[in-house]
> 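Handing you a structure now.
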Amino acid sequence: KAGVTQTPRYLIKTRGQQVTLSCSPISGHRSVSWYQQTPGQGLQFLFEYFSETQRNKGNFPGRFSGRQFSNSRSEMNVSTLELGDSALYLCASSFRVMNTEAFFGQGTRLTVV
Amino acid sequence: AQTVTQSQPEMSVQEAETVTLSCTYDTSESNYYLFWYKQPPSRQMILVIRQEAYKQQNATENRFSVNFQKAAKSFSLKISDSQLGDTAMYFCAFMSGDTGNQFYFGTGTSLTVIP
């Protein structure tokens, strides 16, 4: 059974650009969550989707958005990139509504220059 | 709001020895879960152990066990017979049992196992 797949693994963007990250959950999983990991702020929750509905959103500006498709794949988008958006973005998937058995991907390392 | 505190930024242990990582949390909820996740250099977060707050018995997974002190809001991880592959960042995390849709992570403890 394939794990959580995040693409791309690495990304370099320029300030002001926008970026889209992708997360393919484990087959059969309907919940996808996104986290931002930085040395200064640690791991912070971005948002969570279940069956295409955003159930919860973290305290991030509106430049951060996401969506989930009918096949449970999820994308997150960051517009007007800032240097501070440089981070490891982690995706987690879960079969149930309760994410107590979440599996994480290897993340996308975004560098904004 | 939930907060998770890990007061040991770095720790080291000799191979085959035992080490304990500390974690405290703050919540007003009574129904919740606590986790320890491991993040090796590959960056993938791997679940080490999970504890349901309503269970008084401490969780155990092979060489990993926890000391869950609910009244003190303490959740420490003990690693026995440490192995080189245990070298990683370890994160303590909280999840509400009512919503179950968001982890609150601590700042992590970097553990190095010395051969």
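In the text below, chain A, chain B and the rest are named by the order of the sequence lines, each starting its count at 1. The structure displayed is predicted, hence computed values, not measured ones. Because only heavy atoms are used, hydrogens play no part in the values below, and waters and symmetry mates are left out as well, while side chains stay in.
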> What's the shortest heavy-atom distance between F45(A) and F103(B), and which atoms?
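Looks like CB-O, 4.4 Å.
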
> Checking R43(B) against chain A: side chain, backbone, both or neither under 4.5 Å from a heavy atom?
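Backbone plus side chain of R43(B), per the 4.5 Å heavy-atom cut-off to chain A.
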
> Which atoms of M45(B) are under 4.5 Å from chain A, going by heavy atoms: the side chain, the backbone, both sets, or neither?
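Contact with chain A: backbone and side chain both.
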
> Are there residues of residues 49-77 of chain A that reach to under 4.5 Å of chain B by heavy atoms, and which ones?
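Listed by number: R55(A), N56(A).
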
> What part of Y35(A) is in contact with chain B, defined as an atom under 4.5 angstrom from a non-hydrogen atom: side chain, backbone, both or neither?
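The side chain, not the backbone.
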
> With a 4.5 angstrom heavy-atom cut-off, could you sort out which part of S33(A) is near chain B: side chain, backbone, both or neither?
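For S33(A), the contact with chain B is made by the side chain alone.
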
> For residues T99(B) and E48(A), determine if any side-chain heavy atom of one lies less than 4.5 Å from a side-chain heavy atom of the other.
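Counting from C-beta outward, T99(B) and E48(A) never come under 4.5 Å.
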
> Sort E101(A) into side chain, backbone, both or neither according to what part of it lies under 4.5 angstrom from a heavy atom of chain B.
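For E101(A), heavy atoms of backbone and side chain both lie under 4.5 Å from chain B.
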
> Please classify the contact between S42(B) and chain A as side chain, backbone, both or neither, with a heavy-atom cut-off of under 4.5 Å.
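It is both, since atoms from each part get that close.
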
> Show, in sequence, the C-alpha distance, side-chain angles and deciding distance for F104(A) and L47(B), and conclude whether the side-chain contact (heavy atoms from CB on, under 4.5 Å) test is met.
CA-CA 9 Å; F104(A) 283 81; L47(B) 177 65; over 6 Å; no

> Might you point out which heavy atoms bring Q39(B) and L88(A) nearest each other, and give the distance in Å?
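That closest heavy-atom pairing would be NE2-CD2, 3.9 Å.
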
> I need the single residue from F91(B), Y37(B), Y104(B) that forms a side chain to side chain contact (heavy atoms under 4.5 Å, CB included) with L43(A). Which is it?
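Single side chain to side chain contact (heavy atoms under 4.5 Å, CB included) partner of L43(A) among F91(B), Y37(B), Y104(B): F91(B).
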
> Of all of Q44(B), Q102(B), E52(B), which one pairs up most often with chain A through heavy atoms under 4.5 Å apart?
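Among the listed options, the one with the most contacts to chain A is Q102(B).
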
> Checking heavy atoms, do the side chain of A102(A), its backbone, both or neither come under 4.5 Å from chain B?
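Contact with chain B is through both the backbone and side chain of A102(A).
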
